[in-house]
Amino acid sequence: MKKTIYTICFLCGTLAFSQEIKKDTVNTSGTKELQEVIVKAQRKKQFADKAVYTFDKEALERARYAKDLLSTLPELQLDPVSNTITSTKGGSALFLINGVEATDMQIRSVAPSEVLKVEYYDIPPARWATRADIVVNILTRSTETGYVFGAEGSSALNTGFVNASAYANYTKGKNDIGLEYSINLRDYTDRRVNSIYDYQLNGQHYRSDEDRKDHFGYTFQTVALRYTRLAPDDYAFQVKLNMNIFNRFSKGTGQSIFTVDNAFEEHAMFKNNGSEYVTPKLDIYYSKKIGTKDELSINAVGSDYTTHSSETAKEWVMGTGLSVYDNDMVLKAKQTSFVGELAHTHDFTAGKLSSGYRISNSSISNDLNNLSGYSQYKVTYLEQYLYSEFAGKIDKFSYRIGIGLTNIHNKSAENTFDEWSFTPKIVLAYQLNNNQSLRFTSSYKPISPLSSALSSNIVQLAPNIVQKGNPFLKSQQKWTNNLTYSLNNKYFDFNLNISYSYTDRVINQYYILDNTFGDYALTYENGQYSRQVGALISGSYKPFGNNLLVIKANLAPTFEMVKTSTGAVIKNDYLGNYFVLSSEYKNFSAQYQFNIPTYSLSGAFLNTNENQNNIFIRYKHKNFTFSTGMYWMGMPSEYKTKSLSESLVDYQIHTQIMNNKSMFVLGISYDFSKGKKTEIQKKLNNDTAPAATF
């Protein structure tokens with residue numbers, strides 16, 4: 001670990017001498033989030049909380065749509081499996097077009113020539129800070145008439161893998177209407193799972209070694225219709241109706257060797273599960289200019305739907321047919337969710353003040369059959385967030401100071417948790433020279449448990465092993481600190497981040513002896529605390545100063561520890577990594593992605609991240625684009641989990657999707673645009689809670 005940190009410091013010192021000052025291709029001085037420019041380079045201006053990117057003529061001509069431009073940013077990349085833009089650092093990302101939350105297809109509907117600049121927030125402002133780790137805002141030109149439409153599809157030739165989408169948008173005068181549809185389909189017939197449970201129970205040694213083969217898949221569809229009316233410098237109104245349609249299934253059979261002390265039995269089993277929902281969602285937004293310095297914005301999002309989940313699992317002794325366990329779970333969850341937000345901004349001479357109030361409520365009525373029998377119960381998750389922040393500058397020094405108050409109110413049949421938390425945040429930045437900067441951020445916020453962790457549901461995992469939630473969980477309290485050094489020139493776009501985080505009442509998953517069933521249960525607790533210390537090198541290197549060859553890298557040496565409720569200390573360290581090699585030449589582009597999976601701490605387990613070894617090639621001809629690629633070259637997609645030495649149950653699982661191995665994919669897309677569409681600058685972007693499943 002020490003050698004790794006020494007290497008990082010050496011690289012930082014070396015890169016500090018590789019400087020070349022350039023001018024931006026487009027003037028971005030009009031931004032008002034944090035007015036002081038910290039770094040000015042060829043395509044980038046660095047602010048305290050964000051970087052602003054512009055694009056030269058060659059990049060605009062080569063791209064099909066704005067989505068292609070995003071993939072060239074140093075810390076963003078195209079995930080070929082989902083065909084979406086993701087962060088190379090991991091975590092959640094929120095995408096906007098002129099401040100409006102945008103889907104992947106909305107980003108596709110923006111022609112490259114319309115893009116003025118892209119704002120990349122690695123420190124999201126208060127109104128987005130609780131929703132995403134990074135925020136990407138595409139700022140565009142707009143005129144009064146125009147239309148765009150397009151379609152795209154890609155499919156594997158030898159297995160069930162399909163990504164397809166279509167979109168259309170028409171603008172006339174102050175009115176804009178858009179329609180889009182997408183589908184992601186997976187249907188894999190060969191997923192192989194090996195799982196081992198090893199434990200002591202009632203003075204005897206038990207071991208279950210199971211091999212299972214699954215047929216599993218899912219289909220996720222989205223349909224969206226939106227209407228916008230915009231009166232520039234006066235008001236903006238948008239209403240959007242989304243429909244998410246999802247279903248998944250898994251059907252598996254297998255055998256196991258079940259050992260009690262020195263005696264063993266051969267068991268057979270099957271495990272089937274699935275879930276489905278259709279989520280209609282209405283999103284209404286209105287903003288109004290008040291004079292020249294004030295703006296008031298209102299956003300309301302609501303959804304009402306039912307999720308159906310089921311699981312059937314049986315295990316029996318081969319030869320005799322004697323039942324080992326018989327698990328049937330059926331859950332019907334009717335979910336009603338609402339998010340409302342009111343925000344106000346005022347421009348002062350010294351900076352900008354942003355204030356707002358957001359309330360989110362999710363009410364779930366559960367109709368449940370499981371190992372405990374039949375039950376009906378209702379849970380409610382309520383969160384309120386009141387915030388205010390001021391951003392300004394003094395010479396080379398920029399700052400953003402925010403204060404907030406968060407209330408989490410979770411109510412179930414067994415327990416009610418209600419707590420108010422003070423949530424401050426500070427961002428400080430200092431310009432070292434024209435293309436180097438230092439930034440420091442510190443924040444404190446509560447994190448509510450997921451609905452699955454709070455669930456009263458119980459399911460059977462293996463002989464003598466069940467899984468259940470804990471309705472008595474409290475929220476986590478997380479304090480995060482980051483110090484970031486940034487360097488940008490013709491060849492490098494580089495960040496070195498040193499981080500420290502402390503989480504009080506950390507939510508931890510672990511095994512306990514269960515009094516109800518007399519066996520072991522995998523459940524959740526509030527541990528005493530957790531700590532994480534790490535460094536992150538992220539960015540891109542262009543050996544030739546252009547996109548002929550681009551090397552993107554992420555290296556993240558990390559130390560993490562958890563102190564459980566009983567005082568046991570769990571430690572782990574790892575070197576997170578991710579690499580992308582890309583090349584663009586005329587109408588051709590190619591990209592290769594790979595990583596070395598590492599184990600990171602997750603409750604009672606160490607989990608590996610998904611392995612990557614993907615290559616894809618693209619050729620653009622007029623409005624058509626042809627693509628091909630091979631994902632997971634020479635290997636299946638693979639996932640590993642193992643329990644810690646402190647765990648009461650020694651658990652290991654190794655999953656491989658053999659259908660993914662060297663998966664060959666072909667794709668084609670067509671995109672056409674004429675004129676430019678009107679976009680509003682929406683200041684509020686919210687979403688309701690995800691479907692409640694277990």
Side-chain angles (χ1 to χ4, degrees), residues 195 197 214 216 218 246-252 269-277 279 305-315 324-337 362-382 410-417 448-475 507-526 602-605 641 648-649 651 653 688-694:
S195 60
Y197 292 89
D214 292 344
F216 90 102
Y218 64 85
F246 176 79
N247 68 77
R248 67 166 181 85
F249 68 90
S250 176
K251 300 177 181 179
M269 85 283 293
F270 74 83
K271 295 184 178 181
N272 299 339
N273 61 72
S275 64
E276 61 181 12
Y277 58 81
T279 309
Y305 62 101
T306 301
T307 299
H308 298 270
S309 303
S310 64
E311 179 169 319
T312 302
K314 299 180 187 294
E315 184 166 327
V324 177
Y325 70 78
D326 190 340
N327 174 50
D328 284 296
M329 187 277 292
V330 177
L331 173 63
K332 179 182 178 182
K334 182 174 176 54
Q335 184 165 334
T336 302
S337 299
S362 185
S363 178
I364 307 172
S365 297
N366 297 279
D367 192 333
L368 175 65
N369 264 303
N370 63 9
L371 294 173
S372 297
Y374 176 76
S375 62
Q376 287 183 316
Y377 63 97
K378 185 176 181 179
V379 293
T380 302
Y381 308 107
L382 173 68
N410 295 331
K411 184 178 180 180
S412 66
E414 295 89 351
N415 184 47
T416 298
F417 173 79
S448 183
L450 297 175
S451 60
S452 58
L454 292 166
S455 174
S456 300
N457 198 2
I458 301 174
V459 296
Q460 189 91 37
L461 298 177
N464 305 319
I465 308 286
V466 299
Q467 180 182 356
K468 64 180 184 178
N470 179 4
F472 296 92
L473 285 177
K474 300 178 180 179
S475 66
I507 295 175
N508 178 48
Q509 194 177 27
Y510 73 128
Y511 287 102
I512 61 170
L513 273 171
D514 184 74
N515 295 326
T516 304
F517 295 94
D519 303 325
Y520 285 105
L522 177 62
T523 188
Y524 298 85
E525 69 161 0
N526 282 110
S602 177
F605 306 105
T641 296
L648 293 175
V649 176
Y651 171 66
I653 185 169
T688 55
T693 60
F694 184 82

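FYI, the numbering just counts along the sequence from 1.
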Interatomic distance, OG1@T380 vs CD1@I364, rounded to 0.5 Å, equals 8.5 Å

Residue set satisfying side-chain hydrogen bond (donor to acceptor under 3.5 Å, both in side chains) with T416, at least two apart, ordered chain then number -> none

Exercise. Answer whether the closest heavy-atom distance between the side chains of Y520 and L513 falls below 4.5 Å.
Key: yes

Residues at least two apart in sequence or cross-chain that pass side-chain hydrogen bond (donor to acceptor under 3.5 Å, both in side chains) with N247, listed by chain then number, are none

Can you find a side-chain donor-acceptor pair between S362 and S337 that sits under 3.5 Å? yes

Output for pair (T306 OG1, K334 NZ), nearest 0.5 Å, gives 4.5 Å

**Q.** NZ/K474: more than 12 non-hydrogen atoms of other groups inside 6.0 Å
**A.** no

*Backbone of I465 reached by a side-chain donor or acceptor of D519 within 3.5 Å*: no

Taken in chain and number order and not counting sequence neighbours, the residues that satisfy side-chain contact (heavy atoms from CB on, under 4.5 Å) with N273 are R248, S250, E311

- prompt: Do any N or O atoms from the side chain of T523 and from the backbone of K468 form a donor-acceptor pair under 3.5 angstrom?
  reply: yes

Across all chains, not counting sequence neighbours, the side-chain contact (heavy atoms from CB on, under 4.5 Å) partners of Y377 are N366, L368, S375, V379, A413, S455, S456

- request: Would you kindly say whether Y511 and Q509 are connected by a side-chain donor-acceptor distance under 3.5 Å?
  value: no

Across all chains, not counting sequence neighbours, the side-chain hydrogen bond (donor to acceptor under 3.5 Å, both in side chains) partners of T641 are N607

With sequence neighbours left out, the residues meeting side-chain contact (heavy atoms from CB on, under 4.5 Å) with E525 are N508, Y510, T564, S565

Residues passing the side-chain hydrogen bond (donor to acceptor under 3.5 Å, both in side chains) test with K378, sequence neighbours excluded, are none

When every non-hydrogen atom of N464 is compared with those of Q460, the smallest separation belongs to N-NE2, 3.8 Å

Applying salt bridge (Lys or Arg N to Asp or Glu O under 4.0 Å) to K332 and not counting sequence neighbours gives none

Rounding to 0.5 Å, atoms OG (S310) and CG (L331) come to a distance of 9.5 Å

Residues passing the ring-ring contact (aromatic ring centres under 6.0 Å, His included) test with Y651, sequence neighbours excluded, are Y197, F605

Interatomic distance, CG@N457 vs CG@L371, rounded to 0.5 Å, equals 8.5 Å

K271 meets the salt bridge (Lys or Arg N to Asp or Glu O under 4.0 Å) criterion, sequence neighbours left out, with E210

Sorted by chain and number, sequence neighbours left out, side-chain contact (heavy atoms from CB on, under 4.5 Å) with N272 holds for K251, F270

Side chains of S448 and N410: does their closest heavy-atom pair fall under 4.5 Å?
yes

**Q.** N/O donor-acceptor pair under 3.5 Å between N470 side chain and F472 backbone
**A.** yes

Residues A462 and Y325: closest non-hydrogen pair is C-CE2, 3.8 Å

Do the side chains of Q335 and S363 get nearer than 4.5 Å, heavy atoms only?
no

Between S475 and N526, the two heavy atoms sitting closest are O-ND2, 4.5 Å

Item to complete: Given side chain to side chain contact (heavy atoms under 4.5 Å, CB included), test Y218 with F246 step by step and report yes or no.
Response: CA-CA 7 Å; Y218 64 85; F246 176 79; 4.1 Å; yes

Less than 4.5 Å apart, side chain to side chain, heavy atoms only: is that true for V459 and N327?
yes

The salt bridge (Lys or Arg N to Asp or Glu O under 4.0 Å) partners of D367 (sequence neighbours excluded) come to none

Residues P471 and N415: closest non-hydrogen pair is O-ND2, 3.4 Å

Is there a side-chain contact between Y524 and P449 in this structure, where contact means two heavy atoms from C-beta onward sitting under 4.5 Å apart? no

